[in-house]
Amino acid sequence: MTLAIVQALLSHWRAHWLQLATLLIGIALATGLWSAVQAINAEARASYARANAQLALGQFDELRDPSGPIPLGRYIELRRAGWQVAAVLEGPYRISGRTLRVMGVDMVAYPTLPAMTETEQSATPPDPADVLTAPGRLLASAELAPLLRNQDNLPPVLVTSALPPDLILTDIGVAEDLLNQQGMVSRLIVLPNQPRNLPPLPQIAPELVRVSTSSQIDTAQLTDSFHLNLSAFGLLSFAVGLFIVNGTVGLAFAQRRGMIRTLRALGVPMQRLVWLILTELTLLALIGGIMGLILGFFLAGALLPDVAATLRGLYGAPVTGQLTLQLQWILAGVAMAVLGTLAASGHALWRLARMPLLAGPGVQTWQGNIKARGLAAVVGISMILGGALAYLSVGGLIAGFLLLAGLLTGAALVLPTLLSGALTALSRTATGPVAQWVWADMRAQLPGLSLALMALLLALAANVGVSTMVSSFRLTFVGWLDQRLTSELYLTAQDEDQGREITNWLHPQVVAILPIRNVELSHKTGPLFLYGVVDDPVYRQHWPLISSTPNVWDNVVAGEAVLINEQLARRANLWPGDDLTLTPVHILPIAGVYSDYGNPTGQAIVSMEQLDLIAPGTEARRFGIRLAPENASGMAQALRDRFDLPPRAVVQQAAMKAQSLAVFEKTFVVTSALNVLTLGVAGFAILTSLLTLWTQRLPQIAPVWALGLNRAQLARLELLRSVLLAVLTACLALPLGLVLAWVLLAVINVQAFGWRLPMFLFPWDWLWLALLTLLAALIAAALPALRMLRLPPADLLRVFANER
Amino acid sequence: MNVRTLLVSLLMLCPIQGWAQGFAGLGGSAEGFDIPQAGYAFDFPKDHGPHPGFRIEWWYLTANLTDDKGRDYGIQWTLFRSALKPFEAEGWQSPQIWMGHAAATTPTGHFFAERLSRGGIGQAGVTAQPFEAWIDEWRMAGADMDTLTLTANGNDFGYELSLAAQGPLVFHGDAGYSVKSADGQASFYYSQPFYSVQGVLQLRDGDVQVTGQGWLDREWSSQPLAADQSGWDWFSLSFDDGDKLMAFRLRGGRGDFTSATWINSDGSTEAIPNGSIRLTPLSSDEVAGREVPTQWRVLLADRDIDVEVSAQTPDAWMGTRFEYWEGPVTVTGSHDGVGYLEMTGY
């Protein structure tokens with residue numbers, strides 16, 4: 001008997017193959033978008049983990065000299081006093097226009113370096129004599145190896161998967177040559193297992209500062225917000241995809257009611273039917289899920305390079321642009337697909353199981369839905385309040401996302417009640433019987449459409465919110481770039497001597513030369529980059545201060561005060577009037593806070609004289625050069641020619657701006673791609689919902705038709721209904737989207753990046769989005785309307801003839 | 001001392017453990033390195049210093065100590081030199097790798113530490129005159145080899161001792177040319193077994209004043225193990241009557257190779273050839289998950305020696321990069337005394 005039932009059930013899909021395709025596409029879309037985001041996140045996290053393990057970040061404390069490199073002699077003195085430290089020499093290294101990082105480690109002192117351990121466990125472990133003595137060996141990722149092997153002057157390369165891209169790991173003896181820094185050490189890693197009777201650090205090396213694990217940059221932590229953002233988008237896409245599944249399964253079950261009634265009348269027990277349908281759904285979910293995984297894999301592969309660029313640009317986080325397939329990811333994706341499909345079909349299945357043996361199709365007990373709708377509204381409002389409460393009471397990034405989630409889900413749940421209210425209000429304006437019927441009919445359809453409309457609401461709100469945020473950010477960022485990049489040329493000399501030579505040569509020819517010197521200090525909230533400035537009108541006029549005391553520049557230039565960036569201000573909760581501890585002996589009052597977008601670390605500005613006091617000997621190799629803008633190109637070329645500088649050493653302001661903007665645009669490529677996809681999925685959800693409703697429409701339309709409305713009129717009304725509901729939803733989505741934008745700008749951004757952005761409104765974008773929505777609703781309604789137009793009158797007549 | 005910690009020093013070439021596999025089989029040629037030759041005329045104090053042309057070398061001090069309550073202690077202080085290439089260079093380019101091992105053995109426990117360094121940068125090294133051997137803050141130094149101070153620290157122990165030689169240097173094998181296998185692999189090997197020692201052990205429960213006797217081994221070579229030799233048992237015994245005995249057994253696939261030196265209390269020696277001394281395990285303990293013989297019978301018929309050698313603390317396991325057993329022993333039987341035992345390859 002089972003075989004016969006299965007055949008009967010499958011016959012439905014044979015007859016409605018388009019529906020089957022829709023269902024599978026729905027599952028695939030939901031799984032695909034979700035899995036893509038998961039894959040991207042997993043890949044990025046794996047990259048951070050590699051980098052962190054390699055750099056011993058987050059594992060061991062470090063010793064640094066705030067004023068620059070540490071002489072080798074200091075390292076030996078520390079070791080001979082018993083301190084178990086390992087020397088690291090690192091710096092940038094340029095090959096074929098690409099800037100790589102060379103990290104040289106005293107491999108004898110730090111033998112358990114993860115990348116080395118991996119390499120030596122390989123099938124052909126390197127001879128330690130080769131690694132430790134000239135010419136030495138370079139360790140690099142597989143991606144980087146070919147580039148390095150093409151260089152004549154480099155040692156042989158060993159490939160390891162334990163290294164992030166753009167990093168060359170080698171013994172410190174090799175690094176010394178590559179970086180041309182003989183006898184120097186960048187930092188010392190404090191190894192675990194120190195001996196007893198260790199003399200205190202200030203006794204041996206008073207100039208060194210111990211930087212504890214907690215105050216080093218942890219990329220994973222830094223980028224958490226970004227990944228949470230992506231996850232939220234993934235989840236949103238998943239939810240919207242499930243709306244499609246819900247619509248299609250509802251449609252299929254409604255259409256199968258007749259068959260199921262027949263089967264039951266023939267004696268098939270309901271329980272067996274339900275089990276078989278469950279199995280059928282699970283199989284479909286598996287097929288759709290696997291399709292989704294394939295889609296997700298390619299989608300992630302397509303998006304990953306941009307995500308990697310974003311993460312590098314925003315946080316300097318090293319992420320490979322290559323995706324690796326993980327079993328865990330496949331299993332999670334399939335599980336999501338199956339569970340999501342069953343959850344989305346649960347309601348339809350439940351109703352089917354409770355269907356009275358003799359009940360006819362199409363009778364909408366919509367009065368019964370009022371109670372459910374009221375309950376949803378109450379739940380929705382409590383979710384909005386709960387989210388707000390969570391944010392107000394707890395605060396922080398997670399609470400910010402709770403606020404977002406509560407807002408979006410709550411608004412979606414309240415939507416049917418709001419729409420119903422709107423329709424009731426509108427129905428009072430109805431004058432004729434047809435108009436009254438149209439409004440009443442729309443209200444009757446609401447329960448069936450509300451899930452699709454919720455999907456639309458979420459997609460629209462996300463669209464408005466995210467595009468408002470991105471556009472506001474762009475506007476602010478461009479304005480800020482104009483303020484910040486004030487010099488016409490930016491120059492990096494090879495060394496201090498050349499720097500002096502260049503400034504001497506330039507002086508008579510330009511308006512001003514602004515040295516750019518900085519040193520890395522540490523603050524209890526993380527690394528702190530301290531910059532020195534000379535007094536120049538350009539700073540007084542243009543520097544983007546968001547909060548300041550009177551005479552701010554006078555105080556800073558006089559060496560009596562410090563400026564800090566917004567990130568540091570928010571992280572450490574320091575504002576004008578507070579004191580900033582630069583080193584234990586250098587504490588200055590804060591005179592102002594400036595915006596500093598796109599920079600993950602804390603920053604402070606003091607006068608050049610103060611910088612020399614705090615960190616004597618800071619390199620003077622970089623300069624901003626101010627001159628008439630029309631002379632910039634000529635001067636850049638003259639500088640390159642005269643001082644034999646590589647092209648990258650002299651950068652024009654315009655090029656720098658273009659580069660910064662390019663990084664910015666890349667940052668949001670993924671966001672907008674997901675945005676468009678979500679909207680498309682929502683449109684698809686409306687289509688499937690309307691198709692579902694269509695089967696139930698005949699009994700309702702037939703009497704109207706019999707009363708004299710022709711099919712063309714009915715088809716037009718069909719279109720009107722869809723468009724009207726979409727417009728109503730869009731009207732509600734707009735305020736929701738703006739609230740969402742505000743939360744993103746004023747809550748999430750502050751928590752995630754450390755800066756707050758002003759919000760700008762873009763009404764033209766909304767109009768454009770509204771038009772898109774109308775178009776989507778029209779397209780979605782076109783198919784049912786077309787069917788209405790072509791419906792044979794006999795079908796409508798049959799409604800009266802049938803058992804109804 | 002002899003090939004004892006040889007493998008240790010070979011393995012220390014491998015800052016990363018797995019590299020060891022590529023080196024454990026080092027029994028082949030000693031390309032570019034100097035080879036010990038019989039008839040070498042030692043030149044002191046120069047020969048107390050390093051010989052970078054040889055692949056491996058060590059300064060190996062052990063001491064049997066007692067506190068005022070008569071409790072037994074032992075300490076070990078070792079500096080190994082291992083050359084990746086047969087020369088020395090300045091800075092990071094130096095191919096000389098140094099490794100320090102230090103341990104303190106008490107009646108109830110065994111504490112050890114390990115240090116690694118490269119030559120050329122000053123973090124570790126040896127100078128002959130005035131004598132100084134150091135790695136990090138560990139140090140064995142003095143105006144000459146006869147009077148030394150000795151310090152080392154781990155995270156749970158430390159010691160500061162002073163040593164004074166009460167007798168001459170002694171040379172093993174053929175005037176310091178010590179053969180290690182039937183194939184003729186050999187090393188240069190001399191000792192100063194006559195140190196009187198006093199000082200303080202810094203232990204978890206506080207400082208302990210100790211006195212006792214110390215034994216320094218100096219050995220260098222380039223290719224001392226035969227391919228089939230898998231481990232060794234090495235004894236340095238000091239009898240109560242002032243005589244001393246150094247003996248070792250190299251365990252090999254083709255049979256054991258033994259060698260020993262009888263040292264009279266006046267410093268005169270007699271080399272005891274392969275097969276003359278019998279070293280037999282009597283019982284073993286489970287240490288660090290392995291069966292290690294901690295009680296031995298040492299039989300040297302020529303000298304009427306028939307003694308039992310027992311570990312004072314069976315748990316004297318050196319859990320260093322290359323693991324081995326090294327600890328103080330008590331001698332009973334035909335002669336009484338104390339000494340040190342080292343066992344590898346278990």
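Every value quoted in this text rests on a predicted model; they were computed, and no experiment measured them. FYI, side chains are in, hydrogens and waters are out, and symmetry mates aren't considered; it's all heavy atoms of this structure. Every chain is numbered from 1, with letters handed out A, B, ... down the list of sequences.
Remark: the backbone N or O of Gly173(A) is paired with a side-chain donor or acceptor of Gln93(B) at under 3.5 angstrom. Side-chain atoms of Arg80(A) come within 3.5 Å of backbone atoms of Asp136(B) as a donor-acceptor pair (strictly under, hydrogens ignored).
The pair Asp171(A)-Arg118(B) meets the salt-bridge criterion, since a charged nitrogen lies less than 4.0 angstrom from a carboxylate oxygen.
Put simply, CD on Gln84(A) and CG on Asn155(B) are 10.0 Å apart, with the number rounded to the nearest 0.5 Å. Taking CG of Leu132(A) as the reference point, atom OG of Ser94(B) lies at 10.0 Å (rounded to 0.5 Å). Here the CZ atom belonging to Arg196(A) is positioned 8.0 Å from the CG atom belonging to Leu203(B), to the nearest 0.5 angstrom. Taking CD of Gln194(A) as the start and CG of Asn153(B) as the end, the distance is 11.5 Å to the nearest 0.5 Å.
In Asp205(B), the CG atom is not crowded: 12 or fewer heavy atoms of neighbouring residues, nucleotides or ligands sit closer than 6.0 Å.
Minimum heavy-atom separation, Pro95(B) to Thr133(A): CB-CG2, 3.5 Å.
When each of Gln202(B), Arg139(B), Lys85(B) is checked for heavy-atom pairs under 4.5 Å with chain A, Gln202(B) comes out on top.
Interface remark: Ala134(A) contributes backbone and side-chain atoms alike to the contact with chain B (heavy atom separation under 4.5 Å). Looking at Asp130(A), neither its backbone nor its side chain comes within 4.5 Å of chain B, counting heavy atoms on both sides.
Within the 4.5 Å cutoff, side-chain heavy atoms of Leu72(A) are placed close to those of Trp92(B). A 4.5 Å side-chain heavy-atom check between Glu137(B) and Pro199(A) finds every atom pair outside the cut-off.
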